[in-house]
Amino acid sequence: LDHRAPAERPEGLRLAQRVRVQDDRVHDRQRRDLAAQLLHAGQAAARERRDQRDLLAQIEDELFEEILVSVETSLKAEEVSALMAKIFESILKNSDLCSVIFSEYGDKAFIKRIMFIARERSISEWKKLMPTIKDEQLELLYMFYANGCAAIISNWIQGGMKDSPEELAVFIEKISLQGLSAFKGDA
């Protein structure tokens with residue numbers, strides 16, 4: 001460090017100090033520019049992620065509405081299996097989207113939303129079959145079956161949807177009404 005007054009310093013030293021100050025200003029400006037670019041890129045990436053989430057939510061809402069409409073048209077059906085078959089038909093019709101939604105990384109809340117379409121109808125049917133069962137038990141039973149159905153649907157989709165929607169609906173209704181006893185003779 002040179003402690004002489006600026007006028008007493010050799011010209012080369014004064015020039016070196018000016019260059020260092022200018023370099024520091026250039027680096028400061030470059031750092032600010034880089035920080036601004038990173039901030040802009042971060043904001044753009046956040047907007048893109050938000051746009052993708054919004055688009056997925058919109059697609060899920062449209063699929064949900066389609067499933068809901070098809071279910072509402074079949075609410076007069078005598079059996080839960082007919083209701084479930086309508087849900088599975090809508091899933092089959094939208095198999096590309098559903099293979100993403102029902103994948104390991106899919107939206108679990110959306111899956112549950114679909115499964116709860118049949119909640120009221122299922123609980124109503126079960127009350128007819130078991131009039132003495134408590135409402136809390138019916139809710140737990142429905143939770144058990146809804147989550148089991150979601151797993152079966154996910155497996156069906158990931159396995160290439162080889163069974164028809166009707167076959168799958170009958171299978172689910174069979175196990176929901178009879179449990180393991182439904183399969184005693186199938187061994």
Open item on the list: I need the minimum non-hydrogen distance between C149 and I172, along with the two atoms involved.
Closed with: SG-CG2, 3.3 Å
TODO: Any chance you could lay out the side chain to side chain contact (heavy atoms under 4.5 Å, CB included) test for F88 and L92, step after step, and finish with the verdict?
DONE: CA-CA 6 Å; F88 301 144; L92 182 62; over 6 Å; no
- [ ] Would you name the heavy atoms of S99 and I157 that are closest together and state the gap between them?
- [x] CA-CG2, 3.4 Å
- [ ] Grab the two heavy atoms, one from L63 and one from S90, that are nearest each other, plus how far apart they are.
- [x] CD1-O, 4.3 Å
Task: Shortest non-hydrogen separation from I101 to F110 and the atoms involved - done: CG2-CD2, 3.3 Å
Task: Separation of E60 CD from C98 SG (nearest 0.5 Å) - done: 9.5 Å
Task: Salt-bridge criterion met for K93 and E66 (N-O under 4.0 Å) - done: yes
Task: Closest approach of A169 to A85 (non-hydrogen atoms, all atoms of both residues) - done: CB-N, 3.5 Å
Task: Distance (rounded to the nearest 0.5 Å) between E62 CD and N94 CG - done: 10.0 Å
TODO: Establish whether F144 and M130 are linked, either directly or via other cluster members, by ILVMFWY side-chain heavy-atom contacts under 4.5 Å.
DONE: yes
Open item on the list: Ring-plane angle category for Y142 and W126, please: parallel below 30°, perpendicular beyond 60°, tilted otherwise.
Closed with: tilted
Open item on the list: Could you tell me if the side chain of D135 sits less than 4.5 Å from the side chain of L138, heavy atoms only?
Closed with: yes
TODO: Find the distance between CG (D163) and CE (M161) and round it off to the nearest 0.5 Å.
DONE: 11.5 Å
Open item on the list: Just verifying a value: how many Å separate D61 CG and D54 CG, rounded to the nearest 0.5 Å?
Closed with: 10.5 Å
Task: Donor-acceptor contact present, side-chain N147 to main-chain M143, <3.5 Å - done: yes
TODO: Give the cluster check for I175 versus I153: same hydrophobic cluster or not, with ILVMFWY residues linked at side-chain heavy-atom distances below 4.5 Å.
DONE: yes
Open item on the list: Are I87 and F64 connected into the same hydrophobic cluster when the rule is that any two of I, L, V, M, F, W, Y join if their side-chain heavy atoms are below 4.5 Å apart?
Closed with: yes
Task: Centroid-centroid distance, F171 to W156, less than 6.0 Å - done: no
